[in-house]
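If you scroll down you'll find the structure; I have some questions about it.
Being a predicted model, the structure only gives us computed values, none of them experimental. Each chain gets a letter, A, B and so on, in the order its sequence line appears, and its residues count up from 1.
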Amino acid sequence: MSDKQHLYLVDGSAYIFRAYHRLPPLTNPEGTPVGAVYGYTTMLWKLADDLDKADGPTHLAVVLDKSSHSFRNELYADYKAHRPDPPEDLVPQFPLIRDATRAFSLPVIEEPDVEADDMIASYAKAAIRKGWDVTIVSSDKDLMQLIGQCGEGDLEPGVTTGGCIDMLDTMKDARIGREDVVAKFGVPPEQLGDVLALMGDSVDNIPGIYGIGPKTASKLIADNGSLAAALDSAADMKASKLKERLLEGREMAELSRVLVELKCDCPLPVALEDMKLDGIPPEPLAAFLETHGFHSLLKRLGAGAGSPDRPTNLNPAKQSQQGAAAAPAGNAQPLPEWPAVDREAYECVQTLERLEHWTARAQAAHMIAIDTETSSLDPMRAELTGISLALGPNDACYVPLGHGGSDMFAERPQQVDRAAAIAVLKPMLESDAVLKVGQNIKYDITILSRCAGIVVAPVEDTMIMSFDLDAGRSLDGIGGGHGMDELAQRHLGHTTLTFKDVCGTGKKAIPFGEVPLDKATQYAAEDADVTWRLYQVLKRRLPEEGATRVYERVDRPLIPVVAGMEREGIKVDKAALAKLSETFAETTAGLETEIHELAGEPFTIGSPKQLGDVLFDKLGHKGGKKGKSGQYSTDQSVLERLAGEGAPIANKVLEWRQLTKLRSTYTEALQAAINPETGRVHTSYSLVGAQTGRLSSTDPNLQNIPIRTEIGREIRKAFVPEDGNVLLAADYSQIELRLAAHMADVPQLKEAFASGEDIHSRTAQEMFGTVDRDTRARAKTVNFAILYGISRWGLGGRLGIEADEAQDIIDTYFQRFPGIRNYIHETLESVRAKGYSETLFGRKTWFPRINSKQQNERQGSERAAINAPIQGTSADIIKRAMARMTPALLEAGLPDVRMLLQVHDELVFELPEGDVEAASPVIARVMAEAALPAVELTVPLGIEIGHGPSWDDAH
DNA sequence: TCGTTCACG
DNA sequence: GACGTACGTGAACGAG
């Protein structure tokens with residue numbers, strides 16, 4: 001069936017409206033807004049690029065609305081009336097859509113007095129009659145009526161089977177088929193018109209019946225089979241609002257039915273055969289991309305074949321009022337005039353003389369970009385394979401140190417003697433007079449320290465610079481990450497070689513040490529070159545955008561500190577973990593049998609899908625709720641409810657879940673994570689992991705070791721000190737609430753913290769006038785709700801009350817603590833205007849969706865924006881404490897105290913038992929004073945300290 | 001690869 | 001009228 005034709009019909013007009021709302025207000029070099037056009041262009045690109053894919057187009061055309069007038073206006077004067085004028089910066093983009101399509105040399109269909117929907121319907125029908133498949137690129141629900149049609153009974157002569165129609169929503173990258181229509185509307189596409197006629201459409205001003213929405217409409221149609229039958233059924237209904245509405249709305253519904261009907265017999269101005277997609281001539285496209293400043297696309301075009309990845313590197317828009325929030329990450333200044341990256345220009349350093357030449361130049365330049373190549377991503381296990389250096393654009397080299405050695409090379413390529421090379425590099429890499437710049441240089445610090453005994457300092461990190469400038473600054477299709485490939489694309493318009501390009505992927509992947517030197521040099525030196533360039537770009541932005549303080553005073557000093565913590569690692573008691581694992585396994589096996597017996601059949605308990613079916617369909621428990629995936633939810637809260645309703649299986653499943661989780665995520669994984677060389681577990685902290693400025697921990701994650709349940713705490717007991725030592729844990733007590741009290745200026749809460757009162761009790765007193773277990777618990781929930789950005793639904797859910805009651809509680813809270821209301825208000829106003837929130841130390845977090853027209857997106861951003869300054873300030877404070885900790889301990893004569901872990905508001909140390917008494921006050925003081933002198937808090941920071949023979953005992 | 005669930009602050 | 005509903009993470013698992 002290789003000759004199966006597949007026509008794609010793009011609903012261009014509809015697309016551009018959606019693109020407009022979801023993409024930043026970019027302008028082209030002439031100042032014309034082109035954000036929506038850019039989105040449209042990338043979409044066309046992607047479609048055209050799918051040409052060779054199984055489901056891809058063989059034919060493609062774009063259909064546009066030429067005029068808003070059609071036969072429907074004759075039927076109903078108000079049709080599409082009240083439709084607001086398009087935003088003024090969208091208007092000039094309409095003609096550009098046509099230009100963009102022509103630039104791709106694709107046919108454009110636009111006919112006067114015919115709506116795009118009807119034209120699409122007519123073409124789609126014509127194509128399926130020929131046996132072609134059709135994909136409508138749109139998300140218009142009217143067009144969903146066409147889905148699944150196959151031209152049955154109306155085929156052209158000689159055609160045996162009709163084609164099939166489906167839809168593609170490129171915004172969500174989702175194909176929409178018959179089942180999706182049924183899932184969304186409760187009826188198949190053939191009956192969708194009836195549903196639409198009942199519910200109406202406020203955008204097109206199709207009246208429908210007032211008071212009937214999608215749910216009611218689809219139920220009526222599903223129950224009665226047709227619009228006419230549904231309307232007739234009203235007569236037999238008992239008196240109700242619905243009955244009245246149906247009786248009164250009959251005419252409107254019948255009119256609406258005609259309005260939503262698609263006209264399928266429009267004359268076709270372009271023949272189907274002429275829509276053949278046959279390669280896209282590059283010249284007109286290049287000219288178009290050039291005109292509008294779509295440089296990354298232009299670059300991609302130049303790069304030729306290959307599927308383009310995410311679009312980036314648009315010319316940043318001039319900052320308009322709302323543009324400030326939505327502008328993509330980018331440098332405001334024009335790029336320096338650098339030559340394009342030339343991988344052939346790099347040197348492979350194979351003699352000591354050449355290496356000495358490079359280090360001498362580095363000493364003279366006082367700055368160098370470096371990058372290490374290794375055998376593994378885990379810096380605690382990796383071997384050093386080579387190091388690359390860059391001193392300017394295209395002025396870069398690669399020094400291979402560990403290439404060859406396996407049979408893939410006939411002989412080991414010529415390389416500088418490793419020990420000699422290290423001896424030459426060491427003075428430069430350790431010199432105070434030479435700044436070492438890296439992309440995630442923490443990794444290189446660890447490698448060079450472990451493998452070469454080099455203590456790299458001082459350092460700069462382009463990844464962290466990017467984070468401090470642009471955290472959170474991402475939009476659809478415009479990446480917001482801080483990885484080198486993405487940064488190179490965004491800031492330099494350059495596509496780097498990827499690791500996969502040189503080493504392959506999956507089973508065929510080879511270690512970097514087996515990559516031939518010429519290719520290895522291109523890849524490795526490019527990374528250093530790009531890092532050098534990125535540093536120039538980002539360094540200039542730091543002061544311009546007010547990010548210097550947080551970078552210099554909070555994040556940069558932390559790099560060697562965190563590298564040291566990772567290197568320390570923590571000891572775990574392997575035998576204890578193994579024993580726990582076994583116990584868990586036995587208990588789990590028993591539970592599994594019991595659960596299967598209760599269910600009456602064996603099934604995969606770990607599959608939420610199967611579990612949901614067993615609980616709600618097979619066992620017939622009530623109250624099953626399906627989420628958007630069409631699957632029952634079986635999470636903890638649901639199971640707890642079932643258990644309360646007397647379902648014995650629910651508790652068993654809960655226990656099973658807990659034990660399997662603990663076993664697979666902790667007791668098994670932690671044993672495997674023990675480093676054979678050190679006998680300890682070394683996590684990796686990401687300094688750019690959380691948008692708010694928190695660290696995150698991976699491989700393994702040591703920031704989510706159980707503590708809340710008795711059985712989980714058994715795992716914490718397996719974290720132990722070396723003989724003669726203890727573990728000490730110091731944590732900030734209620735730091736986020738303290739910061740909220742300070743930042744929102746709430747006198748009662750500040751007093752309570754100052755006098756060491758229980759904060760939730762104080763809140764209960766203020767809110768409910770009395771303190772008991774219940775009011776304290778509720779006050780605690782409310783306090784957290786505030787920190788997380790409150791909504792009455794969310795709070796209601798947590799407290800098990802109606803949203804109205806929750807709203808009353810929120811009102812009371814605001815009344816008692818008006819500072820909180822002001823804080824929320826002012827924070828949101830500021831984020832809406834500036835596009836970012838700020839911590840007390842000036843850390844910015846961007847919220848590009850804060851002014852979104854999509855309510856849920858906007859509200860989600862609002863909640864995150866309320867939380868970010870608080871969570872972020874807390875992160876800043878503990879980071880400052882960490883950076884000061886080792887010097888403070890050294891000064892206090894405590895060199896044997898080692899900081900091992902950070903868990904957001906807690907620091908874990910390992911120290912000789914005899915040092916506890918001396919170290920505790922030093923640690924507590926450094927933590928308590930960490931905000932000073934930059935910020936003087938009006939609440940004290942309380943520190944709780946404990947120590948013992950395990951992490952659990954330290955609490 | 002995605003969605004779900006659940007471990008932490 | 002419907003949507004999804006507390007903020008920030010990472011890991012494991014099943015299923016497509």
Quiz prompt | Out of C/dA12, C/dA11, B/dC8, whichever nucleotide has its closest atom nearest the side chain of A/P706 | solution =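 Of the options given, the side chain of A/P706 lies nearest B/dC8.
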Practice problem: Describe the nucleic acid contact of A/D699 in one word from base, sugar-phosphate, nothing, applying a heavy-atom distance below 4.0 Å. | Solution: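 Answer is sugar-phosphate: A/D699 comes under 4.0 Å of backbone atoms only.
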Quiz item: Got a sec? Which of residues 790-804 of chain A come in under 4.0 Å of DNA chain B, heavy atoms?
Solution: none
Quiz prompt | Between B/dT5 and C/dA2 - C1' atom distance, rounded Å | solution = 26 Å
Self-check item: Per A/T634 side chain, nearest of listed nucleotides C/dG8, C/dA11, B/dT5
Solution: B/dT5
Self-check item: C/dC3 - base-pair partner by Watson-Crick or wobble geometry, distances under 3.5 Å
Solution: none
Quiz item: Expressed in whole Å, how much space separates the P atoms belonging to B/dC6 and C/dA6?
Solution: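 Per the computed distance, 15 Å lies between those P atoms.
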Quiz item: Does the base of C/dG8 carry an N or O that pairs as donor and acceptor with the side chain of A/R863 under 3.5 Å?
Solution: no
Practice problem: Give the nucleotide from the list C/dC7, C/dA12, B/dT5 with an atom nearest to the side chain of A/Y788. | Solution: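 Selected nucleotide (nearest to the side chain): C/dC7.
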Quiz item: Taking the nucleotide of DNA chain C with the closest heavy atom to each, which residue, A/Q871 or A/Q855, is nearer the 5' end?
Solution: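 The residue closer to the strand's 5' end, by nearest nucleotide, is A/Q855.
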Self-check item: A/D142 to A/D140 - nearest heavy-atom pair and separation
Solution: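 Closest heavy-atom pair between A/D142 and A/D140: N-OD1, 2.7 Å.
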Quiz item: Side chain of A/Q859: nearest nucleotide among C/dG4, C/dA11, B/dT5?
Solution: C/dG4
Quiz item: If you check the A/R694 side chain, which of B/dC6, B/dG9, C/dA12 turns out closest?
Solution: B/dG9
Quiz item: What nucleotide, of B/dG9, B/dA7, C/dA15, holds the atom closest to the side chain of A/S607?
Solution: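 Closest of the options to the side chain of A/S607: C/dA15.
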Practice problem: Could you check which of B/dC8, C/dT9, B/dT5 has an atom nearest any side-chain atom of A/S696? | Solution: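 Of the candidates, C/dT9 comes closest.
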Quiz item: Which of these nucleotides, C/dT9, B/dT4, C/dC7, is closest to any side-chain atom of A/A690?
Solution: C/dT9
Quiz item: Is any side-chain N or O of A/R708 closer than 4.0 Å to OP1 or OP2 of B/dG9?
Solution: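 The answer is yes; a side-chain N or O of A/R708 sits under 4.0 Å from OP1 or OP2.
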